[in-house]
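Below is one structure, written out as structure tokens; the observations come after it.
Hydrogens, waters and symmetry mates are skipped; everything else that's a heavy atom, side chains included, is used. Remember, predicted model here, so these are calculated numbers, not experimental data.
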Amino acid sequence: MSPHPPAAPNPALWRLVETWQRACADFLVLVRSLDEAQGSLPTDLPGWDVHANVAHTTHLEAVLAGAPEDTVEVPDAAHLTSPTSRYTEQGVLARRGRTLAELADELEQAVATRLAALRADPPTDASAPAPRTPADQGWPTGLLLRNRPFDVWLHDQDVRRAVGRPGGYDSPAAAHTLDVLGSGLPMVVGKRVAPSPGSTVRVVVPDAGRRWTLVVGQDGRAVPGTDADPATTTVTLSAEDLVVLGAGRRGPDQVQARVEGDVATGERLLASLAVTP
């Protein structure tokens, strides 16, 4: 008897798979264009150089593809401030002796293995438990598929900034990352910035053609508004500045943002944008 054909993938989930695959492919091209000396260049992530960013990405993709977890001793360091950071450091330390080319080969194989598994058993339910997650975090499938292109692309950008090779903002993963950061704005505005009820905060990213408007209700919650809502505070910044702030890579004093209207609210927003762990 022939096996049952795989179920049709959920279109939205499969778009995330395709975005992740493209992000990994782009990252591999970048990594393979570097020389080994560039691996030691520092990045915006404390304690991590270019090599560490590549090793980290390789580690997580290898685990998701079925490789055993790395178990190495992690000495105390200033940048290790949580169980999650100590977990990710294991993958970095375990790969310290490998060249960038070797890391690229491992990453390419892990991506191919995981992609084959996804094609054989496509994701259909975003709420279903993911088959495997880093550190057994127990994420649902939708969250895992959302997080992976976001994480890969952010590390691609960490490397690009370190080696002075900007680019990648016209990719599906870049658009996805801006979507993820934008989806966090209601929480940032309502809970962290907490402007007075009736305020309207607008974030504008001209070079990406993006703008988000948040209206603060009497209960203090910030909900999406429209361009017709007059803004009491408008913050205008570049896509890269939104990314480095939203991903916690840099602080407000390291970006070029323009605040109009309620300046204090705008400054609190810029200081509160980081939504990554």
Side-chain angles (χ1 to χ4, degrees), residues 16 18-62 79 85 88-89 91-92 95-96 98-108 110-111 134 146-182 184 205-210 236-257 270 273-277:
L16 292 175
E18 293 176 330
T19 301
W20 159 78
Q21 180 191 14
R22 167 73 182 277
C24 291
D26 290 345
F27 189 52
L28 281 166
V29 170
L30 173 63
V31 173
R32 287 197 163 114
S33 72
L34 304 177
D35 60 50
E36 289 301 319
Q38 290 173 300
S40 62
L41 291 173
T43 70
D44 286 321
L45 291 171
W48 277 15
D49 56 14
V50 165
H51 187 283
N53 278 267
V54 180
H56 162 70
T57 306
T58 302
H59 166 220
L60 294 196
E61 291 301 337
H79 66 284
S85 64
T88 56
E89 194 75 6
V92 170
R95 290 166 175 78
R96 262 302 175 200
R98 302 182 195 177
T99 66
L100 290 175
E102 289 170 336
L103 291 177
D105 288 344
E106 183 187 4
L107 175 59
E108 184 175 43
V111 171
R146 172 184 181 267
N147 284 354
R148 290 314 303 144
F150 179 76
D151 187 59
V152 172
W153 187 81
L154 286 178
H155 290 297
D156 178 290
Q157 291 301 309
D158 291 329
V159 171
R160 286 184 177 279
R161 289 193 302 276
V163 302
R165 197 178 301 176
Y169 275 81
D170 57 350
S171 69
H176 172 70
T177 298
L178 292 177
D179 288 341
V180 172
L181 296 177
V205 186
D207 59 333
R210 301 294 189 99
T236 303
L237 69 173
S238 69
E240 182 173 50
D241 284 347
L242 176 62
V243 166
V244 296
L245 290 175
R249 268 48 175 184
R250 295 181 179 178
D253 59 334
Q254 296 173 283
V255 304
Q256 299 293 320
L270 291 169
L273 278 173
V275 295
T276 55

- Message: For a quick check under 3.5 Å, do R165 and S33 share a side-chain donor-acceptor pair by atom type?
- Response: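 Yes, S33 and R165 have a side-chain donor paired with an acceptor closer than 3.5 Å.
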
- Message: Could you tell me if T43 and N53 have a donor-acceptor pair between their side chains, going purely by distance under 3.5 Å?
- Response: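 On atom types as modelled, these side chains qualify, holding a pair under 3.5 Å.
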
Would you name the heavy atoms of [X] and [Y] that are closest together and state the gap between them?
X	Y	result
T276	G248	OG1-N, 4.0 Å
L245	G251	CD2-C, 3.6 Å
L237	P206	O-CD, 3.5 Å
D49	G39	CG-O, 3.2 Å
V50	A162	CG2-CB, 3.7 Å
R95	G91	NH1-O, 3.1 Å

Supply the atom-to-atom distance [X] [atom1] to [Y] [atom2], rounded to the nearest 0.5 angstrom.
X	Y	atom1	atom2	value
D26	D156	CG	CG	7.0 Å
W20	N147	CH2	CG	14.0 Å
H155	T57	NE2	OG1	5.0 Å
T99	D35	OG1	CG	12.0 Å
T177	D151	OG1	CG	9.5 Å
R96	L103	CZ	CG	9.5 Å

- Query: In this structure, which one of R161, Q157, R249, Q254 forms a side chain to side chain donor-acceptor pair (under 3.5 Å) with D44?
  - Reply: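 Of the listed options, the one satisfying the test is R161.
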
- For residues W48 and H56, establish whether the separation of their ring centroids is below 6.0 Å.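 Under 6.0 Å, so yes.
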
Are [X] and [Y] side-chain neighbours, meaning at least one heavy-atom pair lies under 4.5 Å?
X	Y	answer
V205	L178	no
H79	E89	yes
E61	R148	yes
L107	L28	yes
R22	S171	yes
V54	L34	no
V31	H51	no
W153	Y169	yes

- Hey, is R210 close enough to D179 for a salt bridge, meaning N to O under 4.0 Å?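 A salt bridge links R210 with D179.
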
- Charged N to carboxylate O below 4.0 Å: is that the case for E240 and R160?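 Salt bridge absent between E240 and R160.
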
- Message: Treating H59 as the side-chain partner and V92 as the backbone partner, does any N or O pair qualify as donor plus acceptor under 3.5 Å?
- Response: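 Absent.
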
- Is the number of heavy atoms from other residues, nucleotides or ligands within 6.0 Å of CD (E36) greater than 12?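 Correct, the count exceeds 12.
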
